Peer 1: 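Take a look at this one; I'll ask things after.
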Amino acid sequence: MPRYNPAVIEPKWQAYWAEHKTFAAPRLPGDRKLYVLDMFPYPSGDGLHVGHPEGYTATDIICRFERMRGRSVMHPMGWDAFGLPAEQHAKKTGTPPRVTTEKNIATFRRQLQMLGFSYDWDRELATTDPEYFRWTQWIFLVLFDTWFDDAEQRGRPIAELPIPADVTAAGAERVRRYQDEHRLAYQSEAPVNWCPALGTVLSNEEVIGGLSERGSHPVVRLPLRQWMLRITAYADRLENDLDKLDWSESIKALQRNWIGRSTGAEVDFFIGQAAADGQAKMSGADVKAWRAARSTGGFPRSAGDAAIRVYTTRPDTLYGATYMVLAPEHPFVTRLTRPEQAAAVQAYCERAARKSDLDRTDLAKEKTGVFTGSFAVNPVTSRPVPVWVADYVLASYGTGAIMAVPAHDTRDYEFAVEYSLPIVPVVDPPETAGVDRDAVLAGKAVFTGEGTAINSGPYNGLPTDQFKEKITADLAARGQGRKAVNYKLRDWLFSRQHFWGEPFPILHELDAQGNLTGLMRVVPPEQLPVDLPELEKFQSHGSPEPPLEQAPPEWLFQTIDGRRYKRETNTMPQWAGSCWYYLRFLDPRNAGALVDRELEKAWMPVDIYIGGAEHAVLHLLYSRFWHKVLFDRGYVSGAEPFQKLVNQGMILGEMELTGYQTADGGWASAAEIDSSDEGNLLLKASGQPVKSARVPFEQAEKTGEAFVLKARPEVRLESRAHKMSKSRGNVVNPDTVVREYGADALRLYEMFMGPLEATKPWSMDGVNGVRGFLDRVWRMITSERSEQLELNPAVREVELSAEQNRVLHKTIQGVTQDIERMSFNTSIAKMMEFTNYFLKCDVRPRAAMQTLVLLVSPLAPHMAEELWQLLGHEKTLAYEPWPVFDPAAIREDNVEIPVQIKGKLRARVTVPLGASAEATEQAARADARIAELLAGQTVVKVVVVPGRMVNFVTK
RNA sequence: GGCCGGAUGGCGAAAUUGGCAGACGCACGGGACUUAAAAUCCCGUGGAGGGAAACCUCCGUGCGGGUUCGAUUCCCGCUCCGGCCACCA
């Protein structure tokens, strides 16, 4: 019985494609271009995972399909190759990261080529290649040279930044510093997670509960000079432009959520100069004077020393603000702390400083805080409100200070209960709110929804939304507040204390003593790339400084025009290289520009981008940000890089039995475990098999002749799939699958499992099933009798019967539509139906076989090429025209339609295609069974959808 | 807690605009071929009931309501599962 032999056929065609450069993309596309991009992988030491080929197969099918439909296709692949694992491996073994990386890339390349993807391998790139990261550094220089013009909402060259007169007057150095403060790439002190025991800086994800993920060593937070990118400047555009993109609403929602735009108001609470000095309570005269100054002077850029500025989304609850909270890092904390509270406040702030953000959120349940001893004035009630310090207020959001409204904010309520602070309800919940209204009005419960204003002076009776508008305007008129917008999005911390990343093209000026002056200069673009130096050792050096501090002096120091400079020793994060790789693919060897403008204009944007949902936020947001900067500066022609985005679902491990109950409701017992095959027990009960319930041997013990399940019989029969993980031992290796079933089977199976975007479990039996389909196609077309490969004698040069023609054209139509909709699982089902039908035909017209080979070729290209050759063609089928279906061939003369009585199916009748509603109804009434059932009934109504169904409604 | 997604046979799933629920595949059962097994081919396979049989009846798309001649599909209210974010004022 001949079976398709992938071990021979697949390498043969892979070699053919490589030799003929079958899938080389044209430099410039024709008038119908298609740029199809996969999220390029990080080449880890574990090799390819079965999750990778899922998205890659989907894009490959689209590319092969569209090439056959005459489109110019760009389909490249590369490596996101910087990353910490190679550096950690270097620390352990001394193997340089570049060596490890190249080895891993070689493995990934081999595995991807083994799967027969139609990449243009001449465009392969790696982010770690100096000729690549030269342009990553170049883009950093663009960011460094750009400021964001709020009025025009776009990035502009730093040379166009207006300099205030007082800055100009202060001299050239002051001007440079002013410019530095406005660049999209700027420096700032930011805390890092320093682990002294490991001698390294850790990412937030590597710190769990204040201890390192590896080894559980203490981690401390240290401020360090870091590079930041001003992504917040682009927050509005990043949010608004989502509307133009063909992305799923869920991914858009994820990005919107991350950007986290909210509108509300900023409000100033008077504290007075005296209070600010921690000396005495403010006087009524101070308040009056401050108010008078504000009502004529307007709302200043900053609150000044005499007021605490807060941000709130609920200005309508201002009358219920009974206390205030400052974040422990708030600059006013020290000044507002009275001597008698100083010890407590200082202790609290020190404790908070040691906690990471994660720790703070872990303790979300228990609110802690400490009173400063000072008071501020509620701007509308004029009552003094106590000022507290608590770590449930974050320094990094809003103004780092809040007005607390315990009646209408859950966190404030918890805090107020804990510290017995007054709770004043100011929103009357509507009847429909589903809360205990009396409790809310008594200050015994919290209500966070909208309602009607109470206890709010002149605003009483206003609904929440009107109240917000009115009070914001009133505060603005008095110079005590203004409308404000806030974002959860923070500026992007862009530097890492790692070796294996892109060096920054920045030099820091040194003074005569060798200290940083704070001034810097860029490495000019023509001197890029700044390559990584050779490092002697990768051992930890016991300081939070970056590894590049250990670089040889000739790399580290430079003298230019008589001044000494030290290189920046931080490196860029892994996101940097992946932010713009889609541009480089278009022109990968260009030594004069990151991408030729004509090529960029011709190929961009990416038409289809497929990858995992784990990059739904960060990578896609960062890429869009960089692209917008490049767009503002005129280097790319569009504002968005990825027009259509599809997220493939996760592939889980095989289903595992977690408990069992027999089909008839009884319990399986050891005696009823009937047979076993490799690695599994097959459960039987009451003579009936428990449908496909397989128990891995590890869950059962053999005692004598019987098997005893370790699982307990009172547990229901349940099976469940889990994420693939090394620790669970359920990771499927693509090499094994290809060796056993072939690349075409792996590709086909991953597409047949279910919808691309769904999460779905792996099943080796399923792989075997689609392999069976490939064998059936093979047998349908090739000879079963001869040793030599030849056409099956049933395949003959004959006309198709009308029925065969109908099956053929229905298949063409269905497969074409399904691939267009990316519904690959159903397209495969339709080809299976075709094969099931034609295998039963004693004569299989050659034309039909040839068409099927073309239809299956995007999914199973190796076998298709082999069959195509057998059918007498010399060249690859990669550019054969895609089959077109003939509507006339599909049309049937008669249609069978269901006849219902009161919505229940009672009969089927056959009517001519295009029969009128009357004719259809007559045909239905003429049916013997329907006539019988309708006899003596009163038909109230007849619903006829011609060609679809008939429904008689009786009384 | 917030946002998003999902729930259909023993399992993965299909049903494109509200119109014959379960295509296709797996698993399982029966049969053919075979000394035997594998492979292959044929038949059956949502549940319950009735019938010698052809067939027939009822129930059935997580739960409870609603709209409709008709709901897996639309609306309202829940339950459970998964993902992401999470003291964002």
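All values derive from a computational prediction rather than experimental measurement.
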Peer 1: For A:Arg256, which contact category applies under a 4.0 Å heavy-atom criterion: base, sugar-phosphate, or nothing?
Peer 2: nothing

Peer 1: Taking the C1' atom of each, how far is B:A32 from B:A39, in whole Å?
Peer 2: 14 Å

Peer 1: Looking at the angle O4'-C1'-N9-C4 for a purine or O4'-C1'-N1-C2 for a pyrimidine, is B:G9 syn or anti, with syn meaning within 90° of 0?
Peer 2: syn

Peer 1: Looking only at the side chain of A:Pro761 (C-beta and beyond, no hydrogens), which of the listed nucleotides B:A15, B:A89, B:G12 gets closest?
Peer 2: B:G12

Peer 1: Look at the side-chain N and O atoms of A:Arg776 and state whether any lies under 4.0 Å from the OP1 or OP2 oxygen of B:C41.
Peer 2: yes

Peer 1: 5'-most contact on RNA chain B: A:Phe952 or A:Tyr487, nearest heavy atom basis?
Peer 2: A:Phe952

Peer 1: Which is true for A:Arg490 with a 4.0 Å heavy-atom rule: it touches a base, it touches only sugar-phosphate, or it touches nothing?
Peer 2: base

Peer 1: Name the nucleic acid region contacted by A:Lys904, choosing base, sugar-phosphate or nothing; use a 4.0 angstrom heavy-atom cut-off, strictly under.
Peer 2: sugar-phosphate

Peer 1: How far, in whole Å, is B:A13 from B:C85 if one measures between their C1' atoms?
Peer 2: 31 Å

Peer 1: Looking for any heavy atom pair under 4.0 Å, which part of the strands does A:Asn825 touch: base, sugar-phosphate only, or nothing?
Peer 2: sugar-phosphate

Peer 1: Have a look at A:Ser248 and say if it touches a base, only the backbone sugar-phosphate, or nothing, with a 4.0 Å heavy-atom cut-off.
Peer 2: nothing

Peer 1: Under 3.5 Å, is there a donor on one side chain and an acceptor on the other for A:Thr910 and A:Asn894?
Peer 2: no

Peer 1: A:Glu896 near the nucleic acid: base, sugar-phosphate alone, or nothing, with a heavy-atom cut-off under 4.0 Å?
Peer 2: base

Peer 1: Please work out if A:Thr312 contacts a base, only the sugar-phosphate, or nothing of the nucleic acid, heavy-atom cut-off 4.0 Å.
Peer 2: sugar-phosphate

Peer 1: As an exercise, state the distance from CG of A:Leu748 to CE of A:Met751, rounded to the nearest 0.5 Å.
Peer 2: 9.0 Å

Peer 1: Can you establish whether the number of heavy atoms outside A:Lys252 located under 6.0 Å from its atom NZ is more than 12?
Peer 2: yes

Peer 1: Work out how far the P atom of B:A71 is from that of B:A86, and round it to whole angstrom.
Peer 2: 44 Å

Peer 1: Let's test your reading of the model: under 3.5 Å, does the base of B:C69 pair with the side chain of A:Asn951 as donor and acceptor?
Peer 2: yes

Peer 1: Starting at atom CE of A:Met751, determine the distance to atom C1' of B:C24, rounded to an integer number of angstrom.
Peer 2: 16 Å

Peer 1: Determine the contact category for A:Lys840: base if any of its heavy atoms lies under 4.0 Å from a base atom, sugar-phosphate if only primed atoms, P, OP1 or OP2 are that close, otherwise nothing.
Peer 2: sugar-phosphate

Peer 1: Report which part of the nucleic acid A:Gln817 touches: base, sugar-phosphate, or nothing (heavy-atom distance under 4.0 Å, all strands).
Peer 2: base

Peer 1: Can you find a side chain N or O atom of A:Arg779 that sits less than 4.0 Å from OP1 or OP2 on B:C41?
Peer 2: yes

Peer 1: Over all strands shown, is A:Asn836 touching base, sugar-phosphate only, or nothing at heavy-atom distances under 4.0 angstrom?
Peer 2: sugar-phosphate

Peer 1: To the nearest Å, give me how far apart CE (A:Met949) and P (B:U17) are.
Peer 2: 18 Å

Peer 1: Could you work out which one of B:C24, B:A13, B:A89 sits closest to the side chain of A:Ala829?
Peer 2: B:C24

Peer 1: Regarding A:Tyr487 and A:Asp236, is there a side-chain donor-to-acceptor distance under 3.5 Å anywhere?
Peer 2: yes

Peer 1: Should the side chain of A:Lys367 and the base of B:C87 be counted as holding a donor-acceptor pair, with the cut-off at 3.5 Å?
Peer 2: yes

Peer 1: Identify whether any heavy atom of A:Gly260 sits under 4.0 Å from a base atom; if not, whether one sits that close to sugar-phosphate; answer base, sugar-phosphate or nothing.
Peer 2: nothing

Peer 1: Could you tell me whether the side chain of A:Thr811 reaches within less than 4.5 Å of the side chain of A:Glu833, counting heavy atoms only?
Peer 2: no

Peer 1: Name the residue from A:Thr920, A:Ile930, A:Ile897 that meets the side-chain contact (heavy atoms from CB on, under 4.5 Å) definition with A:Val909.
Peer 2: A:Ile897

Peer 1: When we call it a touch if two heavy atoms are under 4.0 Å apart, what does A:Gln900 touch: a base, just sugar-phosphate, or nothing?
Peer 2: base

